[in-house]
Structure formats: C-alpha cells, structure tokens
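I'd like to ask some things about the structure below.
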Amino acid sequence: MTSYANELPTCMFMASELQEDGRLKSWKEFSPNEIKERAVLVGKQDIRQLKKYIIKYWVDHIETVLAKHHVKAEEIDYIIPHVSSMFFYEKLNDEIAARNIALTKEKWFTNLTSVGNIGSAAIYVGLEELIRTKEIKRGNKILLLVPESGRFSYGTVLLSV
C-alpha cells in the first residue's frame with residue numbers, strides 16, 4: 001500500500017464542501033438550511049484532481065513496489081487492474097507503456113464492461129472470473145492493482161498460483 005494523501009489534494013469527500021483555496025469546509029460550519037440547500041452531506045469527487053493525478057501516481061506506485069520486492073514485470077502472467085471506467089483503463093496502459101514497463105494490457109484481465117464498477121468487490125469478482133475462465137497454471141503470477149481515489153492511495157498484491 002502507498003498513500004499520497006500527504007502530497008496531493010483531497011479528491012473525494014462528503015459532509016464538507018471544497019473551497020476555492022482547496023480547504024474542505026466542514027458541515028459543522030454550515031447552518032442546517034445551507035447543509036440541505038448545498039447538499040453538503042452528499043459524497044462528491046473533484047474529477048479535475050482525479051484526471052490530473054490518478055494515473056501518474058498509480059504507475060509511480062507500481063514501479064516502486066516492483067523494485068522494492070525485486071519483482072520483474074516480465075515474470076507476471078496476469079494483471080487485474082481495478083478501474084472505474086475504460087477511460088482510465090486506456091490511460092493506465094498508455095502510462096505503463098510510456099515508461100517501458102512490461103505490464104501492458106496484453107496481460108490484463110477485466111470484466112468492467114460486463115459487470116460494471118462494483119467498487120470494493122471488483123478485484124475479488126475479477127479474480128474469481130479470471131480463475132474460472134482462463135487456463136491458470138501452477139506457478140502463474142497474478143498482479144492485483146487497486147487504486148483508491150479519495151486520497152490517492154494504491155494497493156498491489158502479487159499472487160502465485
């Protein structure tokens with residue numbers, strides 16, 4: 001796991017409102033009427049921050065974690081990247097390819113277009129479907145890539161069959 005919450009602005013929030021200066025104004029600072037009128041308690045995401053940072057920092061994390069654990073990208077057989085939309089799927093592949101990391105989408109498995117973005121269950125459902133539909137062999141390595149865009153945190157798991 002890597003978190004960039006100390007470096008990057010908050011991307012996803014609720015019970016607050018994003019101010020022009022980047023500060024989150026707490027629901028406690030609003031009157032009950034303002035909370036209702038401005039939908040302060042509703043979960044929100046600053047898409048501008050997501051587009052600006054999510055992919056670059058995700059690939060930074062991937063490079064760091066592979067180096068730290070002495071894993072060669074060429075040794076990985078399957079990759080399940082959890083993405084919220086195919087827009088990010090392509091952007092992730094582009095950044096990985098631009099950095100010459102041998103984890104491009106030829107190794108990827110996704111069921112996003114058939115099951116949709118099912119949030120925290122996505123990586124487990126994807127893994128189950130990969131195992132059920134592909135000829136997985138003893139010794140295969142499966143890399144799970146999971147971003148959390150609220151505070152730009154990333155989790156990576158390497159499984160050996």
Could you state whether V146 and L66 fall into the same hydrophobic cluster, counting links through intermediate Ile, Leu, Val, Met, Phe, Trp or Tyr residues with side-chain heavy atoms under 4.5 angstrom apart?
-> no
Same apolar cluster: L112 and I123, side chain cutoff 4.5 Å = no
Give a yes or no on whether I80 and L159 share a hydrophobic cluster (residues Ile, Leu, Val, Met, Phe, Trp, Tyr; joining criterion: side-chain heavy atoms under 4.5 Å apart).
-> yes
In this structure, are over 12 heavy atoms from other groups packed under 6.0 Å from K107 atom NZ?
-> yes
W27, CH2 atom: more than 12 neighbouring heavy atoms under 6.0 Å | no
Trace of the side-chain contact (heavy atoms from CB on, under 4.5 Å) decision for Y154 with L145 = CA-CA 8 Å; Y154 303 89; L145 302 173; over 6 Å; no
Treat each ILVMFWY residue as a node, draw an edge where side-chain heavy atoms are under 4.5 Å apart, and state whether L143 and V59 are in one component.
-> yes
Strictly under 6.0 Å, is that where the ring centroids of Y57 and Y4 end up?
-> yes
Heavy-atom pair with the smallest gap, counting every atom of I55 and F88 | CD1-O, 3.9 Å
NZ/NE/NH1/NH2 to OD/OE distance under 4.0 Å, R99 and E95 = yes
dist I118:CD1 -> H82:NE2 (nearest 0.5 Å) comes out at 8.5 Å
Where do E74 and A102 come nearest, in terms of heavy atoms and distance?
-> OE2-CB, 3.7 Å
Rounded to the nearest 0.5 Å, how far apart are OG of S84 and CG of N117?
-> 5.5 Å
Short N-O contact, E17 and K44, less than 4.0 angstrom = no
Find out whether the Lys NZ or Arg CZ of K25 is both under 6.0 angstrom from the six-membered ring centre of F30 and within 45° of the ring's axis.
-> yes
Mind checking the CD-OG spacing from Q45 to S149? Nearest 0.5 Å is all I need.
-> 4.0 Å
Gap between atom CD1 of I76 and atom CD1 of I142 - 0.5 Å precision = 11.0 Å
Between CD on residue E75 and CG on residue L158, distance to nearest 0.5 Å = 9.0 Å
Of I79, D77, V161, which is the lone residue that meets side-chain contact (heavy atoms from CB on, under 4.5 Å) with K141?
-> D77
May I ask you to test the P147-I54 pair for a side-chain heavy-atom distance under 4.5 Å?
-> yes
Between L103 and W108 the two heavy atoms that sit nearest each other are O-NE1, 2.6 Å
If you measure from CD1 on I35 to OG on S16, what distance do you get to the nearest 0.5 Å?
-> 11.0 Å
So with a 6.0 Å cut-off around CZ of R48, is the heavy-atom count from everything else above 12?
-> no
With side chains defined as the heavy atoms from C-beta onward, is the minimum distance between H61 and T156 less than 4.5 Å?
-> yes
Give a yes or no on whether M12 and L50 share a hydrophobic cluster (residues Ile, Leu, Val, Met, Phe, Trp, Tyr; joining criterion: side-chain heavy atoms under 4.5 Å apart).
-> no
So which heavy atom on F13 is nearest to which on L24, and how close?
-> CG-CD2, 3.8 Å
Backbone N or O of E29 within a donor-acceptor pair of the S26 side chain at under 3.5 Å?
-> no
Over all heavy atoms of both residues, which pair between F109 and G126 is shortest? Give the atoms and the distance, please.
-> CE2-O, 3.4 Å
With the threshold set at 4.0 Å, does a side-chain nitrogen-carboxylate oxygen contact exist between K52 and D46?
-> no
Give the C-alpha distance, both sets of side-chain angles, the deciding distance and a yes or no for ring pair (Phe, Tyr, Trp, His ring centres under 6.0 Å) between F152 and W58.
-> CA-CA 8 Å; F152 297 104; W58 196 0; over 10 Å; no
Check the pair T10, R151 against side-chain contact (heavy atoms from CB on, under 4.5 Å), reporting the backbone distance first and the verdict last.
-> CA-CA 5 Å; T10 302; R151 291 306 316 255; 3.4 Å; yes
Should we say atom NZ of K134 is surrounded by more than 12 heavy atoms from elsewhere, each under 6.0 Å from it?
-> no
